[in-house]
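This report concerns only the one structure given below.
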Amino acid sequence: MAAAAAATWQPQEGGFNEICGLLEQQISPSSDKSQIWQQLQRYSHIPDFNNYLAFILARAEGKPVEVRQAAGLFLKNNLKTAFKSMTPINQAYIKAELLPCLGSADRQIRSTSGTIISVLVQLEGVLGWPELLHALVKCLDSNDLTHMEGAMDALSKICEDIPQVLDAENPGSSERPIDVFLPRLFQLFQSPHALLRKLALGCVNQYIMLMPPVLYMSMDSYLQGLFVLANDPSSEVRKLVCSAFVQLIEVRPSFLEPHLRNVIQYMLQVNNDPDDEVSLEACEFWSAYCEAPFPPENLREFLPRLIPVLLSNMAYAEDDESLLDAEEDGSLPDRDQDLKPRFHSSRFHGSDDAEDDDDDIVNIWNLRKCSAAALDIISNVFGDEILPTLMPFVQAKLANLDDASWKEREAAVLALGAIAEGCINGLYPHLSEIVAFLIPLLDDKFPLIRSISCWTLSRFSKFIVQGIGHPEGLEQFEKVLTGLLRRILDNNKRVQEAACSAFATLEEEAADELGPRLEIILQHLMCAFGKYQRRNLRIVYDAIGTLADAVGGELNQPKYLEILMPPLIAKWQQLSNSDKDLFPLLECFTSIAQALGSGFAQFSQPVFQRCLDIIQTQQLAKVDPVTAGVQFDKEFVVCSLDLLSGLTEGLGSGIESLVSQSNLRDLLLQCCMDDGSDIRQSAFALLGDLARVCPIHLRPRLAEFLEVSAKQLNTPKLKETISVANNACWAIGELAIKVNKEISPVVMTVISCLVPILQHAEGLNKSLIENSAITLGRLASVCPELVSPHMEHFMQAWCIALAMIRDDIEKEDAFRGLCAMVKVNPSGALSSLVFLCRAIASWHEIRSEELHNDVSQVLLGYKQMLKNGAWEQCMSALEPPVKERLSKYKV
């Protein structure tokens with residue numbers, strides 16, 4: 001009915017001409033685009049405006065194709081927001097006009113229609129549009145190239161954007177749409193037209209992850225098709241074949257198992273394809289293979305062929321944009337587009353499960369980087385056995401000293417860095433020769449050799465530092481240190497970046513060894529600070545922050561502070577509160593404040609005040625950017641909260657005078673209630689830090705702080721905001737031991753949230769489990785009479801968690817809670833006594849004599865309580881090392 005009514009819609013000539021006129025202006029280079037755009041937007045409110053656009057796209061044959069295409073693109077954008085609210089008649093009209101366009105003689109019209117069809121399918125699926133499926137099948141079966149191309153173009157866009165819609169069950173039919181299309185796609189693998197082969201294979205590849213039953217059942221046909229297309233004359237098809245094998249090995253390795261030798265041989269061949277994009281796709285296979293559940297043996301025999309291919313692909317390609325960048329003079333200011341977005345990770349309390357970012361210098365993924373990553377992973381799987389194959393090639397490349405082969409030398413240095421982890425046992429005896437060889441390369445005339453030598457040396461930094469104990473090793477460490485410092489002052493931006501990053505890695509490894517050399521290090525870093533442009537300045541901040549973390553209180557000497565602080569303070573005063581270049585400086589100050597401790601007091605007042613000003617401005621900007629004068633950016637709040645945490649940690653109770661004269665308490669409570677999880681995460685970290693050193697200033701709003709903290713633990717989205725929960729949990733524990741009984745109104749609410757976390761520990765991160773166990777113990781030590789009646793519900797899970805925690809002051813607090821509860825309710829732990837004994841045995845040594853005696857009393861109490869061999873029975877259930885450790889408690 002709707003379709004019949006749709007057929008009666010006709011455009012008015014005046015409206016048709018007016019819209020075409022506007023579209024003609026829109027595509028003319030000299031027109032005022034924004035004015036025309038506004039005019040077209042005004043038309044959007046006319047109910048049948050989109051019908052006009054569909055009519056122009058489909059039927060305005062006398063108009064230039066660019067005008068028709070512009071109508072189509074405008075229609076696509078309108079439908080995204082307006083389609084669902086359109087009348088069924090207009091919806092049906094637009095759908096009916098689009099389908100014949102699939103066979104349009106003009107490729108641009110076909111392509112634009114395919115894009116619009118894909119948008120409509122995203123909005124409402126395919127099952128409500130059976131005409132579309134019929135039209136696509138009819139075009140594919142027509143043997144008419146134009147129609148087949150039009151249908152495949154639309155189908156490939158649907159498969160790329162929303163593949164799951166074709167794999168949906170069709171009510172009233174046993175077939176899913178993909179069941180109808182898949183055999184036709186396989187057939188097109190043999191089409192004489194490269195475009196159809198490419199689109200068909202691209203469509204099928206989209207289903208490897210979803211793996212609908214029909215593809216699972218036809219896997220043999222699919223693999224046969226892939227082998228047929230493997231040597232296709234079209235590089236785009238070969239690239240898709242490689243992509244299919246990489247995806248299959250990642251998600252369905254068992255399907256490739258029978259064909260593994262053939263696939264490996266094929267991948268070796270195309271890893272050297274004349275087209276770099278095909279080689280890159282093939283190169284992804286090696287990392288995927290090493291992570292698949294196959295024995296390494298299958299790959300071993302191919303290593304002598306694979307390794308030279310990877311090595312030759314690690315040389316810079318002629319068109320690599322790094323070659324252009326490498327020429328850029330360090331005195332040229334950076335453009336805004338050179339500054340990569342940066343991400344500050346909010347403060348986190350506890351044993352962090354997150355892995356560090358990889359230390360490779362990655363900007364754009366390309367064949368060189370992919371080959372180096374593959375060599376890295378292969379070296380980790382096969383270790384030293386790749387050295388006899390690899391090293392002769394590396395040595396030959398390094399020995400070739402003429403200018404023309406600098407890229408080969410550079411690739412050889414990259415290879416040494418790539419295998420630094422995996423082959424360290426085999427390289428270790430030759431390490432001093434390797435390092436001695438790399439040091440002069442820091443002064444090579446080619447900047448990219450200077451920069452890669454920095455990176456490769458940093459990959460060996462752990463072992464360079466280990467050698468400091470003997471005179472030759474110490475001398476080598478000195479040479480690496482001074483070599484990297486020299487490169488930090490290089491005039492080339494790429495070298496500056498690599499040297500600073502490498503130096504930060506060396507700092508982390510060397511830590512205490514840097515003390516005697518602090519003055520020269522600071523002089524170089526602050527010289528770089530004065531010389532660098534904006535982008536690399538961020539890396540200097542990082543190196544200064546890492547230095548502060550590494551040497552700690554050693555930095556707190558007037559001679560060092562005179563070098564370090566004046567340039568940083570000058571920069572601090574020069575940047576406005578809304579300048580994003582402030583972020584890395586705030587992070588850098590955080591590390592310095594923690595390292596200097598009370599030595600930071602002389603700088604603390606303006607830093608403290610500015611953090612509050614920034615938070616206040618940002619909170620205003622969130623609701624009223626005009627009055628605030630800045631756009632809201634959560635990063636400013638997170639960095640400021642983290643710097644306040646660093647100040648609190650550094651100054652300790654010395655921060656009290658600053659807190660007492662400020663509105664920090666109210667601002668912090670607001671941040672704890674923010675809807676951004678990163679802001680809440682940093683806010684609860686600061687709450688815990690303040691609770692440690694000046695709880696008195698939190699007291700007036702204590703009930704609100706506790707309530708909002710407990711709320712973070714009681715959320716259905718716990719896994720998504722686990723770091724917030726972790727910090728809130730830690731903060732509650734810190735507050736509990738400072739405010740004692742004042743915590744009692746929330747104790748049971750918090751306990752009811754902590755117990756499920758401990759009971760369902762699998763799948764949650766280690767830190768949250770530890771903090772939950774400690775906080776539960778701290779609450780129990782303050783309010784044992786409230787917690788102990790519920791002991792038997794959580795004792796076993798709690799003791800398992802306590803046993804995992806390393807010895808420290810927080811673990812002592814938790815065990816004080818355990819002893820306090822057992823005193824009040826000894827029978828509550830009887831059924832978990834074995835777990836309690838294991839938890840006690842997890843201590844290497846309890847430093848507090850008082851707690852040691854309390855724990856002995858607990859064990860002794862149970863020994864006396866359990867008569868008729870029950871104690872001995874409990875002891876016999878314990879492992880020998882556990883019994884051994886319990887003996888020091890005199891039971």
Side-chain angles (χ1 to χ4, degrees), residues 32-35 37-38 41 44 77 80-81 333-348 357 363 532-542 545 568-590 606-647 662-687 708 712 717 720-721 723-724 727:
D32 176 357
K33 297 275 186 292
S34 63
Q35 200 183 346
W37 181 254
Q38 284 169 344
Q41 288 297 71
S44 297
N77 292 330
K80 283 181 179 171
T81 50
D334 291 324
R335 301 161 304 174
D336 278 348
Q337 61 263 41
D338 296 335
L339 299 173
K340 284 188 292 222
R342 53 172 306 292
F343 302 100
H344 170 91
S345 50
S346 306
R347 246 175 127 75
F348 184 85
D357 293 340
N363 295 317
Y532 280 15
Q533 301 302 328
R534 284 166 64 200
R535 191 176 90 161
N536 283 349
L537 209 48
R538 296 172 175 186
I539 305 167
V540 184
Y541 286 130
D542 182 50
L568 291 177
I569 290 168
K571 178 63 82 176
W572 171 263
Q573 288 165 345
Q574 177 196 335
L575 295 171
S576 80
N577 279 358
S578 57
D579 190 327
K580 294 189 177 187
D581 288 346
L582 205 53
F583 297 149
L585 181 52
L586 290 167
E587 288 173 2
C588 181
F589 267 154
T590 305
V607 171
F608 180 85
Q609 191 51 51
R610 186 160 187 188
C611 288
L612 295 191
D613 293 345
I614 291 173
I615 294 170
Q616 219 156 347
T617 306
Q618 287 294 329
Q619 287 186 339
L620 176 59
K622 202 168 187 181
V623 288
D624 184 359
V626 179
T627 310
V630 296
Q631 286 297 317
F632 173 71
D633 183 339
K634 65 178 182 182
E635 199 106 344
F636 282 104
V637 184
V638 171
C639 286
S640 299
L641 288 167
D642 289 350
L643 177 44
L644 288 169
S645 275
L647 273 179
S662 74
N663 61 340
L664 174 60
R665 177 177 57 232
D666 301 339
L667 281 177
L668 180 58
L669 184 58
Q670 230 180 316
C671 291
C672 288
M673 295 154 80
D674 197 277
D675 49 13
S677 60
D678 336 30
I679 291 181
R680 292 204 309 280
Q681 182 179 333
S682 290
F684 286 112
L686 176 54
L687 178 64
V708 69
Q712 310 306 312
K717 294 186 174 165
E720 291 162 42
T721 56
S723 304
V724 182
N727 288 359

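Positions are given from 1 along the sequence.
- One distance of note links CZ of R538 with SG of C588; it measures 14.0 Å at 0.5 Å rounding.
- At least one side-chain heavy atom of L641 sits less than 4.5 Å from a side-chain heavy atom of I615.
- Just one of L537, L643, L575 meets the side-chain contact (heavy atoms from CB on, under 4.5 Å) condition when paired with L585; it is L575.
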Item to check | L582 vs I614, side-chain contact (heavy atoms from CB on, under 4.5 Å): CA-CA, chis, key distance, verdict | outcome: CA-CA 11 Å; L582 205 53; I614 291 173; 3.8 Å; yes
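- Across every non-hydrogen atom of V630 and S578, the tightest pair is CG1-CB, 3.3 Å.
- The minimum heavy-atom distance between S645 and A685, with the atom names listed, is OG-C, 3.9 Å.
- Between the CG atom in L664 and the SG atom in C611 there is a gap of 10.0 Å [rounded to 0.5 Å].
- Annotation: the span from L667 atom CG to Q619 atom CD amounts to 5.5 Å, rounded to 0.5 Å.
- Residue F636 comes nearest to N577 through the heavy atom pair CE2-O, 3.4 Å, listed as atom of the first residue, atom of the second, then distance.
- Between K571 and D581 there is no salt bridge, since no side-chain nitrogen of the basic residue lies less than 4.0 Å from a carboxylate oxygen of the acidic one.
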Item to check | Check against side-chain contact (heavy atoms from CB on, under 4.5 Å), V607 and W572 | outcome: CA-CA 9 Å; V607 171; W572 171 263; 4.0 Å; yes
Next on the checklist: Run S640 and D642 through side-chain hydrogen bond (donor to acceptor under 3.5 Å, both in side chains) and show every step you take.
Outcome noted: CA-CA 5 Å; S640 299; D642 289 350; over 6 Å; no
Next on the checklist: side-chain contact (heavy atoms from CB on, under 4.5 Å) for L612 and L644? Distances and angles first, verdict last.
Outcome noted: CA-CA 9 Å; L612 295 191; L644 288 169; 4.1 Å; yes
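- Heavy atoms only, all atoms of each residue included: T617 and A628 are closest at O-CB, 3.8 Å.
- The shortest side-chain heavy-atom distance between N727 and Q712 does not fall under the 4.5 Å cut-off.
- Listed by first and then second residue, the salt bridge (charged side-chain N to carboxylate O under 4.0 Å, His left out) pairs that reach into residues 615-624 are K622-D674, K622-D675, sequence neighbours excluded.
- Contact between D633 and F583 at its shortest, heavy atoms only, is OD2-CZ, 4.0 Å.
- Here the closest heavy-atom approach between residue V637 and residue C671 is recorded as CG1-SG, 4.1 Å.
- Qualifying ring pair (Phe, Tyr, Trp, His ring centres under 6.0 Å) partners for F608, counting only residues two or more places apart in sequence or in other chains: none.
- The shortest side-chain heavy-atom distance between N663 and Q616 falls under the 4.5 Å cut-off.
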Next on the checklist: Pair Y541, E587 - check side-chain contact (heavy atoms from CB on, under 4.5 Å), show working.
Outcome noted: CA-CA 8 Å; Y541 286 130; E587 288 173 2; over 6 Å; no
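- In this structure, NZ in K634 is found 10.5 Å from OG in S682, a value given to the nearest 0.5 Å.
- More than 12 heavy atoms of other residues, nucleotides or ligands shown are found within 6.0 angstrom of CD on Q609.
- Between D32 atom CG and S34 atom OG the span is 4.0 Å, to the nearest 0.5 Å.
- Looking only at atom types and distance, the side chain of D666 has no donor-acceptor partner in the side chain of Q670 under 3.5 Å away.
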